[in-house]
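Reviewing the structure listed below.
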Amino acid sequence: MAPSADRLGYWGRPTSTLDWCEENYVVSFYIAEFWNTVSNLIMILPPIYGAIQTYKDGLEFRYVYSFLGLAAVGIGSWCFHMTLQYEMQLLDELPMIYSTCVFVYCLYECFKQKNTLGLFPIMLLFIFSVSVSVVYLQWKEPVFHQVMYGALVACLVMRSVFIVTWVYPWLKPVCYISLSVFLLGFLLWNIDNLACDSLRSTRQRLPPVVGAVTQFHAWWHILTGLGSYLHILFSLQIRSTFLKHRPKVKFLCGVWPMLHIEAQKTS
């Protein structure tokens, strides 16, 4: 975590329970953590486009909600790192729980008939989300939130590995790429927390643009945003394959992966 001696800016003294390693109000008077803020764009713009494309393809709304949930996390994280206010911290952290619950539902219900609702997993995930929210609002301990989020991610990892091991082995590349990208982001998140003093000292000796590369929490946003986006594509491929659609990966501007779904033609 960051040392407490940071300058004040437009949003005043931080009220959040967390203040990350990026120096506050260095780049802009109006943005507390500039790089930690703008790095959230990867969690906002591509998922919104993905939600629109998924809606156009006519797939179930659970996948539209997955993309929009990821975008909500990005918007909340943008507000949190821009202001370092407690209310905006909740706008970041609680949607992480809610959106990941949607991911879990999609992955565990991927082999059901089209447009069926699993009421039991919905209720279970709803109760989990409400319980985490109530406890976290009363017990403002970030580690509690991190453990609950980690438990949901572990459920995704176990289910993903099971599917690519026993059901659709040909999906191993996208599964393990998304997982590896996410884990790399988690590694950098830990380095940013544990070696903050060293990182800050290093940045003081580097040109500003080069020093920005050492903003490892911003890399956490970029890598986990990409990893989560790829996970949604992975989940979409599983579901569309089960429903006998024809998923086709296309690249927006030749770079960004998108999944277009074509219905199976009937003779």
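Below, each value reflects all heavy atoms present in this structure, side chains not excepted, and no hydrogens, waters or symmetry copies.
- Among all heavy-atom pairs drawn from Lys112 and Thr116, the shortest one is CB-OG1, 3.4 Å.
- In the hydrophobic clustering of this structure, Tyr149 groups with Leu137; members are Ile, Leu, Val, Met, Phe, Trp, Tyr whose side-chain heavy atoms approach within less than 4.5 Å, directly or through other members.
- Under the 4.5 Å side-chain criterion, counting only non-hydrogen atoms from C-beta, Leu179 is not in contact with Ser160.
- Transitive grouping of hydrophobic side chains (ILVMFWY, heavy atoms separated by less than 4.5 Å) keeps Ile122 and Phe120 in distinct clusters.
- For the side chain to side chain donor-acceptor pair (under 3.5 Å) condition, the pairs that include at least one residue of residues 220-229, sequence neighbours left out, are Ser39-His221, Ser77-His221, His81-His221, His217-His221, Tyr229-Trp256.
- You'll find the side chain of Phe242 stays beyond 4.5 Å of the side chain of Cys110, heavy atoms only.
- Leu70 approaches Ile232 most closely through the heavy-atom pair CD2-CD1, 4.3 Å.
- For CZ of Phe29, the number of neighbouring non-hydrogen atoms (other residues, nucleotides, ligands) closer than 6.0 Å is greater than 12.
- Rounding to the nearest 0.5 Å gives a distance of 10.5 Å between CG of Leu223 and CZ of Phe216.
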Under 3.5 Å, sequence neighbours excluded: what are the donor-acceptor pairs made by side chains of residues 41-54?
from: Gln53; atom 1: NE2; to: Asp57; atom 2: OD1; distance (Å): 3.2
from: Gln53; atom 1: NE2; to: His260; atom 2: ND1; distance (Å): 3.2
from: Thr54; atom 1: OG1; to: Gly50; atom 2: O; distance (Å): 2.8

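- For the atom pair CG (Leu230) and CD (Gln237), the distance works out to 10.0 Å, reported to the nearest 0.5 Å.
- Panel note: side chain Glu33, backbone Asn24; no donor-acceptor pair is recorded below 3.5 Å.
- By the criterion of side-chain heavy atoms lying less than 4.5 angstrom apart, applied directly or through intervening Ile, Leu, Val, Met, Phe, Trp or Tyr residues, Phe111 is grouped together with Tyr105 in one hydrophobic cluster.
- A side-chain donor-acceptor contact under 3.5 Å links Tyr98 and Ser133.
- Between the Tyr25 side chain and the Trp11 main chain, a donor and an acceptor come within less than 3.5 Å of each other.
- Within the structure, the side chain to side chain donor-acceptor pair (under 3.5 Å) test picks out no pair touching residues 161-172 (sequence neighbours left out).
- Side-chain contact between Phe67 and Val102 is absent, with no heavy-atom pair separated by less than 4.5 Å.
- With values rounded to the nearest 0.5 angstrom, Ile163 atom CD1 is found 11.0 Å from Thr241 atom OG1.
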Q: Check the pair Val38, Trp78 against side-chain contact (heavy atoms from CB on, under 4.5 Å), reporting the backbone distance first and the verdict last.
A: CA-CA 7 Å; Val38 298; Trp78 178 292; 4.3 Å; yes
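- Side-chain contact check for Met82 versus Met88: every heavy-atom pair is 4.5 Å or farther apart.
- Counting heavy-atom neighbours within 6.0 Å of Tyr55 OH, excluding the residue itself, gives a total of 12 or less.
- Partners of Phe144 by ring pair (Phe, Tyr, Trp, His ring centres under 6.0 Å), not counting sequence neighbours, listed by chain and number: Trp139.
- Rounding to the nearest 0.5 Å gives a distance of 14.5 Å between CG of Leu68 and OH of Tyr63.
- Taken to the nearest 0.5 Å, the CZ atom of Phe80 stands 9.5 Å off from the CG atom of Leu90.
- Other cluster members for Leu206: Val210, joined by side-chain heavy-atom distances under 4.5 Å among Ile, Leu, Val, Met, Phe, Trp and Tyr.
- Linking Ile, Leu, Val, Met, Phe, Trp and Tyr residues whenever their side-chain heavy atoms come within less than 4.5 Å leaves Leu199 and Val26 in two separate clusters.
- The two residues Val249 and Leu259 come nearest to each other via the heavy atoms CG2-CD1, 3.6 Å.
- Considering every non-hydrogen atom in both Phe128 and Cys101, the closest pair reads CD2-SG, 4.1 Å.
- Of the possible polar contacts, none joining the Arg203 side chain to the Gly211 backbone as a donor-acceptor pair under 3.5 Å is found.
- Between Val164 and Tyr176 there is a side-chain heavy-atom pair separated by less than 4.5 Å.
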Q: Give the intermediate values and the outcome of side-chain contact (heavy atoms from CB on, under 4.5 Å) for residues Leu152 and Ile97.
A: CA-CA 8 Å; Leu152 290 172; Ile97 299 295; 4.1 Å; yes
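- Residues Val73 and Asp92 approach most closely at O-OD1, 4.1 Å, considering heavy atoms.
- A salt bridge is defined here as a Lys NZ or Arg NE, NH1 or NH2 lying under 4.0 Å from an Asp or Glu carboxylate O, and Glu109 with Arg239 fails to meet this definition.
- In this structure, Tyr30 places its OH atom where only 12 or fewer heavy-atom neighbours from other residues, nucleotides or ligands lie under 6.0 Å away.
- Ser16 and Gln85 share no side-chain donor-acceptor pair at under 3.5 Å.
- Apart from Met158 itself, the hydrophobic cluster it occupies contains nothing, where clustering links Ile, Leu, Val, Met, Phe, Trp and Tyr at side-chain heavy-atom distances under 4.5 Å.
- When the side chains of ILVMFWY residues are joined at heavy-atom separations under 4.5 Å, either directly or via intervening members, Phe162 and Ile238 end up in a single hydrophobic cluster.
- Between Arg246 and Ser240 there is no side-chain heavy-atom pair separated by less than 4.5 Å.
- Annotation: cation-pi pair Lys140/Tyr86 present, NZ/CZ under 6.0 Å from the ring centroid and within 45° of its normal.
- For the pair Glu22 and Arg200, the salt-bridge criterion is not met [side-chain N within less than 4.0 Å of a carboxylate O].
- Applying side chain to side chain contact (heavy atoms under 4.5 Å, CB included) to Cys21 and the options Asp197, Leu194, Asp192, Ile191 leaves one that passes, Asp192.
- The distance from the CH2 atom of Trp35 to the CH2 atom of Trp219 is 11.0 Å, given to the nearest 0.5 Å.
- In this structure, the side chain of Gln89 engages the main chain of Thr17 through a donor-acceptor pair within 3.5 Å.
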**Q.** Leu8 and Arg13: CA distance, side-chain angles, deciding distance, side-chain contact (heavy atoms from CB on, under 4.5 Å) verdict
**A.** CA-CA 6 Å; Leu8 296 181; Arg13 189 174 302 279; 3.9 Å; yes
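- Using a 3.5 Å distance cut-off with no hydrogens or angles, the side chains of Ser201 and Arg205 do pair a donor with an acceptor.
- Side-chain contact between Leu184 and Ser180 is absent, with no heavy-atom pair separated by less than 4.5 Å.
- Between Tyr136 and the choices His145, Glu93, Glu141, the side-chain hydrogen bond (donor to acceptor under 3.5 Å, both in side chains) rule is met once, by Glu93.
- Relative orientation of the Phe234 and His231 rings is tilted, given thresholds of 30° and 60° on the angle between their planes.
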